[in-house]
Amino acid sequence: MISDRDRAVRSTAVRALGVLGDATYADAVLRAVREVKGLSGVPAYVAADALLAMGDDVREAVRRGLDDPDPGVRYVAATVASRG
């Protein structure tokens with residue numbers, strides 16, 4: 001559902017991953033922020049909240065996100081890093 005064409009569905013999927021709290025999905029959450037084929041990504045605050053709920057194990061994904069070419073991904077990664 002994280003790649004669904006509907007932004008609301010994608011956002012709900014990202015929130016659900018945050019509730020699961022499994023950092024295995026951290027990279028997928030960051031990718032969900034990107035615009036793909038004209039579809040806007042999930043809102044930055046949704047992705048950041050989900051990543052923060054996953055705990056400290058998101059560090060490596062956040063580090064990779066800081067170097068991502070997408071400015072939205074970098075913004076989310078920086079937001080999470082500043083709170084960590």
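Here the closest heavy-atom approach between residue Thr79 and residue Ala48 is recorded as CG2-CB, 4.3 Å. In this structure, Ala77 and Val62 approach most closely via the heavy-atom pair O-CG1, 3.3 Å. Taking all atoms of both residues into account, the shortest heavy-atom contact from Asp70 to Gly72 is OD1-N, 2.7 Å. Nearest approach of Arg10 to Arg5, heavy atoms of both residues: NH1-O, 3.1 Å. Smallest separation of non-hydrogen atoms from Ala61 and Leu30: O-CD1, 3.3 Å.
Residues meeting the side chain to side chain donor-acceptor pair (under 3.5 Å) test with Asp68, sequence neighbours left out: Arg34. Not counting sequence neighbours, Arg74 has no partner by the salt bridge (Lys or Arg N to Asp or Glu O under 4.0 Å) test.
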Indicate every side-chain donor-acceptor pair of residues 11-28 with a distance under 3.5 Å to a residue at least two apart or in another chain.
from  : atom 1 : to    : atom 2 : distance (Å)
Ser11 : OG     : Arg7  : O      : 3.0
Thr12 : OG1    : Ala8  : O      : 2.9
Asp22 : OD1    : Thr24 : N      : 2.9
Asp22 : OD1    : Thr24 : OG1    : 2.7
Asp27 : OD1    : Arg64 : NE     : 3.4
Asp27 : OD1    : Arg64 : NH2    : 3.2
Asp27 : OD2    : Arg64 : NH2    : 2.7

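Residue pairs satisfying the side chain to side chain donor-acceptor pair (under 3.5 Å) criterion with at least one member in residues 38-50, sequence neighbours excluded, are absent.
Val9 belongs to a hydrophobic cluster whose remaining members, ordered by chain and number, are Met1; membership requires side-chain heavy atoms of ILVMFWY residues under 4.5 Å apart, directly or through intermediates.
Hydrophobic clustering (ILVMFWY, side-chain heavy atoms < 4.5 Å, transitive): Leu66 and Val73 are in distinct clusters.
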